[in-house]
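Everything quoted here is computed from the prediction, not taken from an experiment. Throughout, residue positions are numbered sequentially from 1 according to the sequence presented.
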Amino acid sequence: MPLFATRVYVTLKPSVFDPQGRTIVESLHSLGYAGVADVRQGKYFEVQVEAADAAAAEALVREVSGKLLANPVIESFRVDVPAPVA
């Protein structure tokens, strides 16, 4: 069965206040990067799964992301499934 090295990007929903992102923006402004308007922080996961095809790999990773990797109340996620690695 092919092995897929999927990527999961988890970010706070736009309506959720992001104090870490706000701190980064303020720090960048103090370093002279006045053009940085906003920063939203998040999490990145690499999840390797064996699946029959890319669609099955994506479905599995979406399921585990919704149950464990992201908090669906305050976070959104997206899944990238590149070509199989093996």
Side-chain angles (χ1 to χ4, degrees):
M1 195 171 301
L3 179 66
F4 293 88
T6 67
R7 302 176 189 121
V8 181
Y9 302 89
V10 179
T11 57
L12 291 170
K13 291 182 175 178
S15 60
V16 176
F17 180 64
D18 181 357
Q20 186 175 0
R22 192 69 230 156
T23 299
I24 293 169
V25 168
E26 291 170 4
S27 296
L28 289 170
H29 289 172
S30 71
L31 292 171
Y33 298 100
V36 176
D38 194 20
V39 173
R40 300 286 290 176
Q41 59 86 31
K43 299 178 274 188
Y44 168 75
F45 299 92
E46 294 179 351
V47 183
Q48 294 189 354
V49 297
E50 292 180 337
D53 55 33
E58 182 174 348
L60 173 62
V61 174
R62 284 191 172 283
E63 184 176 328
V64 299
S65 297
K67 289 184 177 179
L68 183 67
L69 302 181
N71 178 345
V73 174
I74 62 169
E75 296 173 321
S76 301
F77 65 89
R78 74 178 168 86
V79 176
D80 285 344
V81 181
V85 294

Summary of salt bridge (Lys or Arg N to Asp or Glu O under 4.0 Å) pairs that have at least one residue in residues 52-61, sequence neighbours excluded: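 Every salt bridge (Lys or Arg N to Asp or Glu O under 4.0 Å) pair that includes a residue of residues 52-61, provided the two are not neighbours, is E58-R62.
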
Sequence neighbours excluded, every pair satisfying salt bridge (Lys or Arg N to Asp or Glu O under 4.0 Å) that has a member inside residues 32-43: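 Checked against salt bridge (Lys or Arg N to Asp or Glu O under 4.0 Å) - neighbours excluded - the pairs reaching residues 32-43 are K43-E75.
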
Return the set of residues passing salt bridge (charged side-chain N to carboxylate O under 4.0 Å, His left out) with [X] (not counting sequence neighbours), or none when no residue passes.
X	answer
D80	R78
E63	K67
R22	E26

Quick one: closest heavy-atom pair of [X] and [Y], and the distance?
X	Y	answer
V25	V39	CG2-N, 3.3 Å
A52	P2	O-CG, 4.0 Å
A57	A51	N-CB, 3.5 Å

Over 12 non-hydrogen atoms of neighbours within 6.0 angstrom of OH in Y33: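 Incorrect, the count does not exceed 12.
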
I'd like a table of donor-acceptor pairs (distance under 3.5 Å, sequence neighbours excluded) in which one partner is a side-chain atom from residues 3-14, with atom names and distances.
unit_1, atom_1, unit_2, atom_2, d
T6, OG1, V47, O, 2.6
K13, NZ, P72, O, 2.8

Rounded distance [0.5 Å steps], CG in L31 versus CD1 in I24: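 Interatomic distance, L31 CG to I24 CD1, rounded to 0.5 Å: 11.5 Å.
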
